[in-house]
Amino acid sequence: MDIPRIFTITESAHRIHNPFTPEKLATLGAALRLKTGTRLLDLGSGSGEMLCTWARDYGVIGTGIDMSQLFTEQAKLRAEKLGVADRVKFIHGDAAGFVSDEKAGVAACLGATWIGGGVVGTIELLAQSLRPGGIILIGEPYWRLLPPTEDVARGCLAGSISDFLLLPELLASFGRLGYDVVEMVLADQDGWDRYEAAKWLTMRRWLEANPDDEFAKDVRAQLTAEPERYAAYTREYLGWGVFALMMRR
Ligand code: SAH
């Protein structure tokens, strides 16, 4: 079981697989006023940067589940490196339908809401692992500017304009599901650059190390096309943020 190989190639050097910088991730952790010992569940935990740094900085404990073998290995190494391996656990597996027995104070899914079939399904899934009064974290794109055409949406690698909402609409949609939005931290274009542009050097180095790989043609095509595509579309039109939700009573 694993994710498509292209991600493992392009994001092998990423610690954070989303447009957040380390500073934004720390800002989010501080904004949540986490108490030592808070249990965090992270579906699609990637290379584990949120769990590991929040365990180090805020004393959280918890579990991450991710379908990428490579990213899960990197997460375990990161936990060792930061000295928090006794507080965080990383499981390689499919997080779809995952409900934890030990209820979490914070249940998160950042940049992987397809795990629950979209934002609505992912909130429902996370809610099943949450203790009463807990916080759900959803990391999700929104339109910074509404694409004028479907072609522009596809340029952002969205299926269509309707895949994402404008920020006020996204916030309102959480309310309609019965949740208060109690915090949010938004990525900016510099953060998008760290996420997207970091892939280019990784791809270039991979191509030099793997010229005869069956994937080399695909990676070469991506490296050639990505900077312009990214600058014209994703960087202009797509926002990304993490939204903290608490169920209304
Ligand atoms: N939350 C992490 C990773 C986001 S990238 C971060 O923000 O850094 C999306 C992640 O979802 C990848 O690590 C990918 O391996 C993982 N993933 C994709 N499908 C999954 C599934 N069905 N179950 C668990 N993880 C999945």
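Whatever order the structure lists ligands and atoms in, that order sets their numbers, starting from 1.
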Name the atoms and distances for all side-chain donor-acceptor pairs under 3.5 Å in residues 132-141, with sequence neighbours left out.
from, atom 1, to, atom 2, distance (Å)
Glu140, OE1, Thr113, OG1, 2.7

Show the short N or O contacts, below 3.5 Å, that ligand 1 makes with protein N or O atoms; if there are none, say 'none'.
from, atom 1, to, atom 2, distance (Å)
ligand 1, 1 (N), Gly44, O, 2.7
ligand 1, 1 (N), Leu110, O, 2.9
ligand 1, 7 (O), Asn18, ND2, 2.6
ligand 1, 8 (O), His17, N, 2.8
ligand 1, 13 (O), Asp66, OD1, 3.2
ligand 1, 13 (O), Asp66, OD2, 2.7
ligand 1, 15 (O), Asp66, OD1, 2.6
ligand 1, 19 (N), Trp114, NE1, 3.2
ligand 1, 22 (N), Asp94, OD1, 2.8
ligand 1, 23 (N), Ala95, N, 2.8
ligand 1, 25 (N), Met67, N, 3.1

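Taking the six-membered ring for Trp and the full ring otherwise, the centers of Tyr195 and His17 sit at least 6.0 Å from each other.
Side-chain contact of Arg78 with Ser47: a donor-acceptor pair under 3.5 Å is absent, judged by distance alone.
For Tyr179, the side chain to side chain donor-acceptor pair (under 3.5 Å) test picks out no residue, with sequence neighbours left out. Residues passing the salt bridge (charged side-chain N to carboxylate O under 4.0 Å, His left out) test with Arg248, sequence neighbours excluded: Asp180.
By the 30° and 60° cut-offs, the orientation of the rings of Phe243 relative to Phe174 is tilted.
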